Amino acid sequence: MIRNWMCTLALLTVACGGESPDKSAATGAETAAKPAVEKKVVKFDKSTLQAEALEIALVPSPAEMQKALNNAGLQSQLSTMVEKRDIAMKAENKDQIAVRTGVVLADLVLTVQDATTEEQLARLNRLKEGFALLGAGDDVANTIEDLRGQIQGGSGSRADLLKEFDELSGVLVPELKYEAGEWVVPLIQAGSWLEGAHLVSGAIKKEAKYEEAGKLLKQPAVVDYFLKYVQREGSDKAPDQVVKKLEETLTMLKEITSKETIEEEDVNNIYSATGAVLTML
């Protein structure tokens, strides 16, 4: 999962960095003879960036998460397991706002096929609020407004919306690294991953497919990645109950996911621990 996100960030940097100069300069006549070429934004195939589906099974991409579950023999539809809730962005601690934003983003993407118009608009409103509080620029706000307009106007299919939501989570979120600070993106990811871990462990519990838990939940390196930013220097200057609980949960998950075998009790602990954080939002 981390490799895919880092790859996305690197590719975005290349895509936005401009073109390399030609090795030989064109003459004035050549320049005049050639029509201006419109620059195009490079878009990378998401399936290429996310080739290892099982490794990123907890990232809130409906296609990849559902595919991972199906590959493991589970039949649960994660979209039906997302709770109907209104996560407010009223928090002084920006770490908590980032986590909340990540959870809402996960829910938006996961429920794209089933959510009502009102539910989609409510989640987009929360995302816009969260991104603004985190210091996102006008591009993010404008993109969300465009999405709102599409939904309200009934233009485009659910498949089109999924593509747009994927772009929101896969392109606009990494841009926050430069606009709001490098710690923002990992904490948004942590919120999304937290929701994913809760839903996936819930699906395993529901179907009693505990023998598949290792494939879907054994990600100690991912937990380490999030802990690095939750525990970063200066993060404890403004103590926050939610962030503290998240740190405790990630520490526990690191221990569980580092085991050689993840058993039924471990899955139950992951489900209850992640759920405890989510209920605080």
Side-chain angles (χ1 to χ4, degrees), residues 1-6 50-85 87 99-100 102-103 105-107 109-111 186-231 241-281:
M1 180 181 73
I2 298 171
R3 288 199 297 272
N4 283 299
W5 271 97
M6 295 302 102
Q50 299 181 336
E52 299 173 337
L54 291 179
E55 190 173 84
I56 61 167
L58 303 184
V59 177
S61 167
E64 296 297 340
M65 292 179 71
Q66 198 63 61
K67 180 180 177 181
L69 288 178
N70 292 342
N71 287 344
L74 281 79
Q75 303 301 316
S76 297
Q77 297 298 314
L78 297 181
S79 60
T80 65
M81 299 173 66
V82 173
E83 293 186 22
K84 297 183 184 298
R85 56 195 170 201
I87 297 179
V99 173
R100 287 171 179 252
V103 174
L105 182 56
D107 290 347
V109 176
L110 284 170
T111 62
L187 290 184
I188 293 176
Q189 290 174 278
S192 293
W193 185 86
L194 185 77
E195 175 74 310
H198 185 66
L199 294 173
V200 170
S201 57
I204 294 172
K205 278 172 55 67
K206 178 182 178 182
E207 300 186 36
K209 294 279 188 176
Y210 298 103
E211 69 277 7
E212 303 297 334
K215 295 178 183 178
L216 299 168
L217 298 170
K218 192 174 175 61
Q219 298 178 342
V222 174
V223 181
D224 263 342
Y225 173 66
F226 295 139
L227 275 172
K228 171 184 174 183
Y229 288 93
V230 171
Q231 297 173 336
Q241 284 188 328
V242 171
V243 177
K244 182 179 179 181
K245 184 66 175 178
L246 175 61
E247 181 180 354
E248 292 174 358
T249 298
L250 289 172
T251 301
M252 186 199 75
L253 292 181
K254 171 64 184 305
E255 181 179 347
I256 292 176
T257 58
S258 297
K259 293 182 176 181
E260 184 174 346
T261 302
I262 299 180
E263 301 178 346
E264 179 177 350
E265 182 181 0
D266 299 318
V267 174
N268 291 335
N269 287 335
I270 291 173
Y271 182 75
S272 59
T274 53
V277 181
L278 291 168
T279 57
M280 297 177 69
L281 300 179

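Computed from a predicted structure; not experimentally measured.
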* Val277 and Val99: side chain to side chain contact (heavy atoms under 4.5 Å, CB included), yes or no, with the steps? -> CA-CA 10 Å; Val277 181; Val99 173; 5.5 Å; no

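Looking at every heavy atom in both residues, Gly73 comes nearest to Lys209 through O-CE, 3.6 Å. Of all heavy-atom pairs between Leu105 and Ser192, the closest is CB-OG, 4.4 Å. Of all heavy-atom pairs spanning Leu216 and Ala72, the tightest one is CD1-CB, 4.2 Å.
Note that CG of Asp107 is 10.5 Å distant from NZ of Lys84, once rounded to the nearest 0.5 Å. Distance CG/Leu246 to CG/Leu253: 9.0 Å, rounded to 0.5 Å. Considering CD of Gln75 and CG of Asn70, their distance stands at 6.5 Å, rounded to 0.5 Å. Separation of atoms CD (Glu212) and CG (Asn71) is listed at 10.0 Å; rounding is to 0.5 Å.
Partners of Glu255 under the side-chain contact (heavy atoms from CB on, under 4.5 Å) rule, at least two apart in sequence or in another chain, do not exist in this structure. Among residues two or more places apart in sequence or in another chain, the salt bridge (Lys or Arg N to Asp or Glu O under 4.0 Å) test is passed with Lys254 by Asp224. Partners of Glu207 by side chain to side chain donor-acceptor pair (under 3.5 Å), not counting sequence neighbours, listed by chain and number: Ser76. Listed by chain and residue number, nothing satisfies the salt bridge (Lys or Arg N to Asp or Glu O under 4.0 Å) test with Glu247 (two or more places apart in sequence, or in another chain). Residues satisfying the side-chain contact (heavy atoms from CB on, under 4.5 Å) criterion with Met280, sequence neighbours excluded, are Gln241, Val242, Lys245. Considering only residues two or more places apart in sequence or on other chains, Ala213 meets the side-chain contact (heavy atoms from CB on, under 4.5 Å) condition with Ile204, Leu217, Ile262, Val267. Checked against side-chain contact (heavy atoms from CB on, under 4.5 Å), Ser79 has the following partners two or more places apart in sequence or in another chain: Gln77, Asp114.
Between Val103 and Arg85, the closest side-chain pair of non-hydrogen atoms falls below 4.5 Å. A 4.5 Å side-chain heavy-atom check between Trp193 and Leu250 finds at least one atom pair inside the cut-off. Glu195 is listed as a side-chain neighbour of Val82, based on a closest heavy-atom distance under 4.5 Å.
The side-chain hydrogen bond (donor to acceptor under 3.5 Å, both in side chains) analysis of residues 261-281, with sequence neighbours excluded, yields the pairs His198-Thr274, Lys205-Asn268, Lys259-Asp266.
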